[in-house]
Enquirer: 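Let me give you the structure first, and then I'll get to my questions.
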Amino acid sequence: MSDKRSSVFSLILAFMLVFAVSPSLSEAQSRYDNSFPVRVGIFYGSISKSTYSVSGSSLEVYDASNKVIETDSDTLTASVCQQIYTSSSAESTFESARISAEKYGVDALVYYDRGSFYAGSRSASSNLAPSGGSKVIFAIEDSPAVAVEGSKDIYVSSDDGVTYLGSSAYRGKLNFYIKGSALHAINEVGMQDYLYGVVPKEMVSSWELEALKAQAIVAKNHVITNYSKHTSDGFNVCSTTHCQVYGGYSAEQPKTNRSVDETEGMIMTYRGAPAEAYFHSSSGGRTEAIGNMWNYSLDYMTGVKDPYSTGTPYDSWEANMTSSEIEQALLSRGYDVGTVVGVKILEVSENDRVMKLGVLGTKGMKILEKDSIRIVLGSSKFRSTYFTLKSTSGSAPVSRSNDIGIRDSGLKNTFDRLDSFVSDRISDVSQDFVSGSSFVFSGRGFGHGIGLSQYGANNMAKEGYGYKEIISHYFSGVTVG
Ligand SMILES: [Zn+2]
């Protein structure tokens, strides 16, 4: 009980520290161990479900104030209340719920009334008691007559520390709560437990240990600096590429767990504050300044020469796009230039990546800027903005390896503001355009090129560099400790 209560308090404390106070370096470093809570959105909003199957060993169900509902069951079903009960009498409310539970075919129910949970087996309606793994409906009262003060959250944990949500296993606890009409399913874990489930999903688990350790720290900084990204949804980070891919306990591997263990509590700081940390699959030989891809700059991500990312499966690529394919790609994003008649690279960064690509059509011209170039043209085919342009079609695109693919972090930076990266051209420079019915783009690397190159990190580790040297190579001037 007390550990649950203290973890709630530490969550509140963490919010206060992260958002209200600028901690000193030593405070920052000591806090980011497994006592630091991370709430990970598993199913929420449009991907939420109305019912969840939960299983584990002697499941314990409790509310946000740690009031425990006695259940020793190894399975249960978490479900949205099917009906609003408005009686002010607990007994008649329960009777209404019982009738409804029978109607919906569930064996028993647990309902929440004025801050308390009641299990069917503890009420007068004992005929609703679950028997041997039967399904339980959580009837959460939400009517004015039984208005609930504070949280309506339900937490579930297993006595062996691993709880299953469907077929996926998670450490920590599961949290279910209603937002709008959706029942959200969240996994609340400590920082180390979170990273156990991230590193094997974001990097190949058999790669060099020092590269995995660098990835563990980068992933940790990424969640720290994006801790409020999903605050409005009721958690910290989601489990997809929008934040970082998280597979929970089911994804864990011994080697990646070791990389997390050996970097416990360590983070990247720049001038005493946690540094933002982005990563991509392969730089192709040179990383890019963050300001040349997105719309803000950071002193420690200005682009570096990266010979460690050459000679990798994503060293080079070629994309052949017909004028019709380019026209359709633009149209799918709402940009109509008519029939595409020409393409031109208008600006290249100091790190040799294309900053502006002009597309000339019969109805006008669009300029794709920075990261919008590959987002609009398709980032699986158009692997980076590190490219040159030929006029006519040549060889077929290079075959795609089955190895690690695109692992960009932070893609949402462009998706959220795509229109700000795409503009109309006023002056006429059409005579300089490369014209034709198809265009061949010849490029290097895979991903946005910001921050750590994963293939580069692995090659550095093979050459004997440690994780701190790997991080210092890709993030200039940061401190790891
Ligand atoms: Zn997210």
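Residue numbers run from 1 in the order of the sequence given.
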Enquirer: So His448 and Tyr278, side-chain contact (heavy atoms from CB on, under 4.5 Å) or not? Walk me through it.
Expert: CA-CA 9 Å; His448 53 51; Tyr278 293 102; 4.2 Å; yes
Enquirer: What distance separates Thr385 OG1 from Leu368 CG, expressed to the nearest 0.5 Å?
Expert: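 It is 11.5 Å, given to the nearest 0.5 Å.
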Enquirer: Is the shortest side-chain heavy-atom distance between Tyr177 and Ile186 below 4.5 Å?
Expert: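 Yes, close enough: below the 4.5 Å cut-off.
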Enquirer: Closest heavy-atom contact between Gln192 and Gly265?
Expert: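 Here Gln192 and Gly265 meet closest at OE1-N, 4.5 Å.
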Enquirer: Measuring from Asp33:CG to Ile267:CD1, what's the distance to the nearest 0.5 Å?
Expert: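 Those atoms lie 11.5 Å apart.
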Enquirer: Taking Lys229 for the side chain and Val223 for the main chain, is one N or O donor matched with an acceptor at less than 3.5 Å?
Expert: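 No, because the side chain of Lys229 does not come within donor-acceptor range (under 3.5 Å) of the backbone of Val223.
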Enquirer: Are the side chains of Leu360 and Val337 in touch, meaning some heavy atoms are under 4.5 Å apart?
Expert: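 No, too far: nothing below the 4.5 Å cut-off.
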Enquirer: Below 4.5 Å, heavy atoms only, C-beta onward: do Val343 and Phe441 meet side chain to side chain?
Expert: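 Yes, close enough: below the 4.5 Å cut-off.
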Enquirer: Quick one: does Ser309's side chain have a donor or acceptor within less than 3.5 Å of a partner on Gly285's backbone?
Expert: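 Not at all, since once roles are kept as given, no pair shorter than 3.5 Å links the two residues.
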Enquirer: Val199 vs Tyr196, test: side-chain contact (heavy atoms from CB on, under 4.5 Å). Steps then yes/no.
Expert: CA-CA 6 Å; Val199 178; Tyr196 287 157; over 6 Å; no
Enquirer: Measuring centre to centre across the rings, with the benzene-like ring taken for any Trp, is Phe36 within less than 6.0 Å of Tyr227?
Expert: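 Yes, close enough.
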Enquirer: Using side-chain heavy atoms (C-beta onward) and a distance below 4.5 Å, is Ile375 in contact with Ile373?
Expert: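 Ile375 does not reach Ile373 side chain to side chain.
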Enquirer: Out of the candidates Asn351, Asp306, Thr310, only one should pair with Arg286 under the side-chain hydrogen bond (donor to acceptor under 3.5 Å, both in side chains) rule; please name it.
Expert: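 Among the candidates, only Asn351 passes.
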Enquirer: Mind checking whether His473 and Tyr465 have ring centres under 6.0 Å apart?
Expert: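 Distance test on ring centres: not under 6.0 Å, no.
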Enquirer: Nearest 0.5 Å please: distance from the CD atom of Gln215 over to the OG atom of Ser259.
Expert: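 Between atom CD of Gln215 and atom OG of Ser259 there are 8.5 Å.
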Enquirer: Where do Thr287 and Tyr474 land on the side-chain contact (heavy atoms from CB on, under 4.5 Å) test, with the steps shown first?
Expert: CA-CA 8 Å; Thr287 68; Tyr474 290 109; 3.9 Å; yes
Enquirer: Spell out, as yes or no, whether a donor-acceptor pair under 3.5 Å connects the side chain of Ser453 to the backbone of Gly456.
Expert: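 Confirmed, Ser453 side chain pairs with Gly456 backbone.
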Enquirer: Say whether, by atom type as modelled, one donor and one acceptor occur between the side chain of Lys255 and the main chain of Ser206 under 3.5 angstrom.
Expert: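 Yes; at least one donor-acceptor contact below 3.5 Å.
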Enquirer: How close do Ser332 and Ala329 get, heavy atom to heavy atom, and via which atoms?
Expert: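 What the structure gives for the nearest pair is OG-O, 2.8 Å.
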Enquirer: Measure centre to centre between the rings of Phe387 and Phe382, then say whether the value is under 6.0 Å.
Expert: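 Between Phe387 and Phe382, the centre distance is under 6.0 Å.
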Enquirer: Under the ring pair (Phe, Tyr, Trp, His ring centres under 6.0 Å) test against Tyr194, which residue among Tyr170, Tyr32, Tyr246 passes?
Expert: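 Running ring pair (Phe, Tyr, Trp, His ring centres under 6.0 Å) over Tyr170, Tyr32, Tyr246 with Tyr194 returns exactly one hit, Tyr246.
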Enquirer: Quick check on salt bridge (charged side-chain N to carboxylate O under 4.0 Å, His left out): which of Glu208, Glu262, Glu469, Glu264 does Lys213 satisfy it with?
Expert: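 Only one of Glu208, Glu262, Glu469, Glu264 forms a salt bridge (charged side-chain N to carboxylate O under 4.0 Å, His left out) with Lys213, namely Glu262.
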Enquirer: For this output row, return yes or no: ring centroids of Tyr300 and Tyr270 closer than 6.0 angstrom.
Expert: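 Distance test on ring centres: under 6.0 Å, yes.
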Enquirer: Both conditions, 6.0 Å and 45 degrees, for the charged tip of Lys173 above the ring of Tyr155: are they met here?
Expert: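 That pair qualifies as a cation-pi contact.
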Enquirer: I'd like to know if the side chain of Ser349 and the backbone of Arg353 have a donor-acceptor N/O pair within less than 3.5 Å.
Expert: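 Yes, Ser349 side chain to Arg353 backbone: donor-acceptor pair under 3.5 Å.
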Enquirer: Quick one: closest heavy-atom pair of Arg374 and Ser384, and the distance?
Expert: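 For Arg374 versus Ser384, the nearest heavy atoms are CD-CA, 4.1 Å.
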Enquirer: Of the non-hydrogen atoms in Ala169 and Val162, which two are nearest, and what is the gap between them?
Expert: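 What the structure gives for the nearest pair is CB-CG1, 3.6 Å.
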Enquirer: Any idea which heavy atoms bring Val478 and Ser472 closest together, and the distance?
Expert: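 Smallest interatomic distance, heavy atoms only, reads O-OG, 4.5 Å.
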Enquirer: I need the Ile224 CD1 to Met191 CE distance, nearest 0.5 Å.
Expert: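 CE of Met191 is found 4.0 Å from CD1 of Ile224.
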Enquirer: What's the spacing between Ser476 OG and Ile471 CD1 if we round to 0.5 Å?
Expert: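 Interatomic distance, Ser476 OG to Ile471 CD1, rounded to 0.5 Å: 12.5 Å.
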Enquirer: Report yes if some heavy atom in the side chain of Tyr314 is under 4.5 Å from a heavy atom in the side chain of His280; otherwise report no.
Expert: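 SC-SC contact between Tyr314 and His280 ruled out.
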Enquirer: I'd like to know whether Glu325 forms a salt bridge (charged side-chain N to carboxylate O under 4.0 Å, His left out) with Lys381, so could you lay out the CA-CA distance, the side-chain angles of the two residues, the decisive distance to 0.1 Å, and finally the verdict.
Expert: CA-CA 12 Å; Glu325 285 173 327; Lys381 187 173 186 178; 3.7 Å; yes
Enquirer: So do the side chains of Asp336 and Lys363 get within less than 4.5 Å of each other, counting heavy atoms only?
Expert: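 Yes, at least one pair of side-chain atoms sits under 4.5 Å.
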Enquirer: Using the benzene-type ring in the case of Trp, are the ring centres of His184 and Phe176 under 6.0 Å apart?
Expert: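 Aromatic pair excluded; centres sit 6.0 Å or further apart.
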Enquirer: Could you grab the distance from atom CH2 of Trp294 to atom CD1 of Ile450, nearest 0.5 Å is fine?
Expert: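 Reported value, rounded in 0.5 Å steps: 5.5 Å.
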Enquirer: Ring centroids only, cut at 6.0 angstrom: are Tyr386 and Trp317 within range, meaning strictly under it?
Expert: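 Here the rings of Trp317 and Tyr386 have centres that are no less than 6.0 Å from each other.
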Enquirer: Could you tell me which non-hydrogen atom of Ala251 sits nearest to which non-hydrogen atom of Lys201, and how far apart they are?
Expert: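 So the minimum-distance heavy-atom pair works out to CB-CD, 3.7 Å.
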Enquirer: Distance-only, no hydrogens or angles: does the Asn221 side chain make a donor-acceptor pair with backbone N or O of Met268 under 3.5 Å?
Expert: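 Checking the backbone N and O of Met268 against the side chain of Asn221, a donor-acceptor pair under 3.5 Å is found.
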Enquirer: Are the side chain of Gln454 and the backbone N or O of Glu202 linked by a donor-acceptor pair below 3.5 Å?
Expert: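 Pair found, side chain donor or acceptor close to backbone of Glu202.
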Enquirer: A cation-pi test, strictly: NZ or CZ of Arg171 under 6.0 Å from the centre of the six-membered ring of Tyr249 and no more than 45 degrees from its axis. Yes or no?
Expert: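 Output no; distance or angle outside limits.
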Enquirer: Are the side chains of Val348 and Met355 in contact, using a 4.5 Å heavy-atom criterion?
Expert: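 Not in contact.
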Enquirer: Would you check if the side chain of Ser283 reaches a backbone N or O of Gly449 as a donor-acceptor pair within less than 3.5 Å?
Expert: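 It does not hold such a pair.
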Enquirer: Just so I know, are the side chains of Arg383 and Arg444 near enough to count as touching, which here means a heavy-atom distance under 4.5 Å?
Expert: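 When only atoms from C-beta onward are counted, Arg444 and Arg383 do not touch, as no gap falls below 4.5 Å.
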Enquirer: Indicate yes or no for a side-chain donor-acceptor contact from Glu210 to the backbone of Tyr467 under 3.5 Å, with no hydrogens or angles considered.
Expert: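 Yes.
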Enquirer: Is the backbone N or O of Ala219 less than 3.5 Å from a side-chain atom of Gln244, with the two atoms forming a donor-acceptor pair by type?
Expert: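 It does hold such a pair.
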Enquirer: With distance as the sole criterion, is a donor-acceptor pair present between the side chains of Asn257 and Glu252 under 3.5 Å?
Expert: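 Yes, a side-chain donor-acceptor pair sits under 3.5 Å.
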Enquirer: List the steps and the verdict of side-chain contact (heavy atoms from CB on, under 4.5 Å) for Glu60 and Val156.
Expert: CA-CA 6 Å; Glu60 190 174 72; Val156 183; over 6 Å; no
